[in-house]
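Comments concern the structure below.
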Amino acid sequence: MSAADAGEEAAAPAERGAAFERAEAANGRPVARVLLDSALPQLDHLFDYAVPPELADELRVGQRVRVPFRSKDRRSFGYVIEFAERSDFGGELSAIADIVTPVPQLTPEVWRLARAVADRAGGSAGDILRLAIPTRQVRVEKKHLARTAPSEPVKAAPAAAAVVPTPAEAAPADAVVAPTPADPALEPTQPAPEDGIAAALIDGARLALTSSHGPERLHTGEWVGGWAAQLARLAIAVHARGRSAILVVPDYRDLDQVRDALAALGHTDAVRVDSRQSNAERYAGFLRALDPEPRIVLGNRSAVYAPAHRLGAIILWDDGDPVLAEPLAPYVHARDAALVRAGQSGAGLFFASHARSSEVQRLVDIGYVRAQQNPPRRTRIVHADASMTPDAFAGRVPEFAARTIREGLRHGPVLVQVATPGYAPVAVCTECGDLARCNACGGPIGFRVVGRASCRWCGEHAEGWRCTTCDGRRLEERGMGSGRTVEQFERQFEGARVILSDGEHPRELVDARPALVVATRGAEPLAAGGYRAVVLLDAERLLSLETLRAGEDCLRWWENAAALAAPDGICLMASGGGPVVRAFVTGRTEEWLRTELRDRHALRYPPAVRVASVSGGPDEVERALRQIADLPGVDHLGPTPIPPGGAAKTPPGLVRAIVRFDYAQGAEAASRLRGALVADAAGSSSRTRGRAPGRARPEALRLRFDDRGVFDG
C-alpha cells in the first residue's frame with residue numbers, strides 16, 4: 001500500500017469504526033512503543049518512537065504503522081503496542097513515519113496472547129501475529145468502516161475495560177457433560193441440553209468430552225457428525241449469553257459440518273477463519289471479529305488467535321489431530337495456545353473428541369481439566385478373530401470380514417479403512433528383497449499408481465534405480481494401498497459400486513445407496529444415515545509405525561471411523577491384536593491412555609515432560625546446551641548427527657539434541673534457549689560475509705518446542 005492510500009484512510013474520521021474509537025489513544029504521551037514486523041529473533045522486542053504532532057490525534061494502540069529503521073530512508077512495518085511518557089533511550093527518537101491503516105488490528109488481548117505463546121515456545125511474537133492478522137485489503141476495509149461508522153460519538157473505553165476476570169480453577173462440581181441425544185432430528189427450536197455446560201464455561205470451567213458415535217440429520221436435510229451438531233449447539237448457547245465462542249477444528253471437512261449445523265440452528269453469521277478463503281474474505285471476517293459484539297468464530301488452527309469481544313469459551317475438536325500443530329515457527333499447537341488464552345482471559349475451555357489425546361488425558365489426571373461423568377454411546381465393535389477360527393486368508397480381507405461387507409451392502413454403504421494411499425506403499429528389490437530407497441534423497445520408494453514407482457519423500461521417479469545391496473535393477477510391489485485395494489474389491493465384490501477416497505481423490509459425502517467406500521485414515525467421507533458396516537484393515541501396519549504416538553493415533557483413527565457408522569451399524573476390526581486393539585474393541589481407551597502415560601512418565605517422554613529440539617552446527621548446539629546445563633529437572637539426549645538429504649534436503653554436518661524439562665522449568669528453559677538463539681543470530685553477520693544475500697546459514701541454531709514427532713523413527 002502506498003503512503004497516499006494510508007493518508008487517505010487516516011484522514012477519514014467519518015468512516016472510523018467502533019474498534020478505532022475504543023482503542024487507546026496517545027493522549028499527549030510523546031512516545032510510542034512499536035513491535036517491528038521482522039523475522040529476525042534479535043528484533044523481537046519493543047522499540048521506542050516519537051509520536052509526531054500530525055499523527056497524535058489519529059494514532060491508536062494496535063495500529064499497523066511504518067517506521068524508520070537503521071536509516072531515515074529505510075522503512076519497516078510494525079504495530080503500536082503502547083504509549084509512554086518518556087523513553088529510556090538516551091538519544092533522539094525517530095518519529096513514526098505514517099499510519100498504514102486506521103483500524104487497530106492488534107487488540108491488547110491478542111498481543112498478550114502472542115507474547116506469552118511466543119515466550120513459551122522460544123519464538124518471536126511477530127511470527128504469531130502473522131498467523132493472527134491476515135493481509136490487509138483496502139477495499140474490504142473501506143466497506144467495513146463505512147458500514148460500522150457510529151451515528152454518534154463513541155467514548156473510548158477505559159484501559160481497565162480490557163481486563164478479564166481470573167479463570168475459575170475448576171469446573172463446578174455439578175457440571176456434567178451430556179452425550180449427544182439419540183434422536184437423529186435436530187430442530188432449531190429444541191431446548192439445548194448444552195445450556196448448563198455453556199454457563200460453566202463462561203464461569204471459567206475446563207471440560208473434556210468424549211463424543212458419542214453416529215451422525216445426525218439436521219432439520220434442513222443435511223447429515224453431519226453428531227459431534228458437529230453438539231458443538232454447534234454449545235457455541236450458540238455461549239453466544240446467547242452475550243459472549244463470544246471460538247470453535248477450532250482440524251480441517252475443512254470438519255469446518256463444513258459445524259458450519260452446516262450452525263446454519264440449521266439459525267446462526268448463519270459465524271466468522272470463518274479458513275485457509276480456503278480468499279484474502280478479501282478472510283480480512284472481512286477478521287474485521288467483523290474486531291467489532292465490539294459477541295461472535296462465533298469458526299476455523300482451523302489459527303482461529304485460536306482471532307480477536308473476540310467478551311470471549312466466553314474456546315472449543316477444540318479432536319486436538320490429537322497433527323493438523324492442529326502449526327508447521328511454521330514457532331510451531332505452536334492450537335491446544336497449547338488455547339490453554340494460554342483461556343488462562344489469560346478467564347474464558348472456558350472445552351476439549352471434545354472421539355478419542356482423547358494423551359495431553360488432555362494428562363490434564364484430566366492432574367485435575368486441571370474435568371472429564372465427563374457419563375459414558376458416550378459407541379458403535380458396536382467386534383473383532384474378526386473372535387468370530388472365526390484363525391487361519392490364513394488369500395484375499396484382502398478374511399472371509400468373516402467379506403461376509404460382513406456383503407451383508408452391509410444389502411442395506412447401504414460400507415466403509416473400509418486402509419492404512420496408506422496409492423497402489424503399493426512399499427517397493428523392494430526383486431533380487432535381494434531389501435527395501436528400495438531413492439537414489440536422490442534416500443527416501444522409501446512406493447507405487448502411487450500401478451507400474452509407476454516413485455519416492456514417497458521427494459517424488460522422484462525411480463527410473464534407472466539401482467539397489468545398493470546387490471546392484472539389482474528391478475522393483476517388486478509389496479503391500480496394498482488404497483488403489484490396489486479398490487482394484488481387488490472390484491473383482492471380489494463384483495457388481496458393487498466401489499468408491500475411492502484418499503488424499504488425491506477426496507470425497508466429503510456419499511449417499512445412502514449401497515456402495516463399498518475404500519478410504520485412507522482421515523479421508524473417510526460422511527455417509528447419509530451412516531454406514532451399515534465399518535471395516536478396519538491394516539491394524540498391524542499402523543501399529544508398527546515408527547512413532548511414539550502409534551497407539552494413540554490408531555485409537556483416534558479407529559474411533560473416528562467407527563463414529564461414522566449408523567446407530568444400528570457395526571464396526572469390524574479385521575485383524576491385529578495387542579493392548580491397543582483390545583482397548584479399542586472393549587471401549588477401555590481411557591485405561592490404556594493412563595497406562596501409556598505412566599510408562600512415558602517413567603521414561604521421561606512427552607507429555608509427561610516437555611521437550612525441545614535444538615539443531616544446527618555442532619558448535620552452535622553445544623553453546624545452547626551450556627545455557628541450560630545448571631537447570632534442575634533438565635536433561636538432554638545427544639547431540640547426534642542429522643542424516644543429510646531426506647525430504648527436508650538437510651545439508652551434511654548438522655547435529656540435533658533433544659532437551660527434556662519439567663513443566664515447572666518450561667519458562668526458564670525457553671528463555672535461556674531463546675537467548676542462545678538470539679546470540680547466535682546477532683553474531684552471525686561476521687560469519688556470513690561473502691555469502692549470497694538472503695541465504696541463511698545451514699549451521700544456524702534452530703529451536704522447536706513440543707514437537708510431537710521428535711522421537712519418531
Side-chain angles (χ1 to χ4, degrees), residues 180 184 210-216 223-227 253 257 318 353-355 376-388 396-420 482 485-486 489 492-493 496-502 507-543 553-576 580-581 583-587 589:
T180 304
T210 302
S211 296
S212 293
H213 290 179
E216 287 194 23
W223 285 88
V224 299
W227 66 269
R253 296 179 307 164
Q257 292 185 60
D318 201 10
S353 62
H354 290 129
R377 177 174 52 82
R378 296 182 84 230
T379 300
R380 184 167 67 95
I381 299 172
V382 298
H383 196 295
D385 289 345
S387 308
M388 70 173 198
R396 182 69 170 102
V397 293
E399 180 54 33
F400 179 80
R403 289 200 303 268
T404 302
I405 291 173
R406 291 191 182 96
E407 178 63 25
L409 287 173
R410 293 175 53 191
H411 306 285
V414 173
L415 172 66
V416 177
Q417 184 196 73
V418 298
T420 52
S482 55
T485 302
V486 166
F489 280 175
Q492 186 175 0
F493 303 98
R497 185 167 60 117
V498 183
I499 298 173
L500 172 63
S501 179
D502 58 18
R507 293 287 294 263
E508 292 189 51
L509 299 168
V510 294
D511 55 40
R513 294 178 297 160
L516 184 51
V517 180
V518 177
T520 52
R521 58 191 192 277
E524 304 91 347
L526 187 71
Y531 290 99
R532 308 310 307 172
V534 174
V535 179
L536 306 175
L537 301 182
D538 304 329
E540 302 92 336
R541 187 186 302 173
L542 292 175
L543 288 169
D553 285 340
C554 283
L555 288 176
R556 186 173 58 81
W557 294 326
W558 297 338
E559 290 282 355
N560 287 345
L564 298 174
D568 58 346
I570 184 175
C571 177
L572 175 68
M573 176 64 71
S575 61
V580 180
V581 172
F584 169 69
V585 173
T586 60
T589 57

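Just so we're clear, the structure is a prediction, and the values are computed from it rather than from any experiment. In what follows, residues are counted from 1 in the order of the sequence shown. In what follows, every heavy atom counts, from backbone to side chain, and hydrogens, waters and symmetry copies are set aside.
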Practice problem: State which residue, out of V518, V517, L516, fulfils the side chain to side chain contact (heavy atoms under 4.5 Å, CB included) condition with L415. | Solution: V517
[Y] side chain reached by [X] side chain, heavy atoms, under 4.5 Å:
{"X": "W558", "Y": "I381", "value": "no"}
{"X": "L526", "Y": "L564", "value": "yes"}
{"X": "S353", "Y": "D318", "value": "yes"}
{"X": "Y531", "Y": "P215", "value": "no"}
{"X": "T404", "Y": "V382", "value": "no"}

side-chain hydrogen bond (donor to acceptor under 3.5 Å, both in side chains) involving [X] - partner list, sequence neighbours excluded:
{"X": "R380", "value": "none"}
{"X": "R378", "value": "E559"}
{"X": "S482", "value": "D502"}
{"X": "D568", "value": "R532"}

Quiz prompt | Backbone N/O of A523 and side chain of S501: donor-acceptor pair under 3.5 Å | solution = yes
Quiz prompt | Backbone of G576 reached by a side-chain donor or acceptor of E540 within 3.5 Å | solution = yes
Restricting to non-hydrogen atoms, name the atom on [X] and the atom on [Y] that form the minimum distance, rounded to 0.1 Å.
{"X": "V535", "Y": "A574", "value": "CG1-CB, 4.2 Å"}
{"X": "G569", "Y": "T379", "value": "O-CG2, 3.9 Å"}
{"X": "I499", "Y": "A515", "value": "CD1-CB, 3.9 Å"}

Quiz item: Under the ring pair (Phe, Tyr, Trp, His ring centres under 6.0 Å) test, which residues partner W557, sequence neighbours left out?
Solution: none
Self-check item: Results of salt bridge (Lys or Arg N to Asp or Glu O under 4.0 Å) for R507 - residues two or more places apart only
Solution: none
Practice problem: Kindly assign one of parallel, tilted or perpendicular to the pair H354 and H213, based on the angle between their ring planes and the thresholds 30° and 60°. | Solution: perpendicular
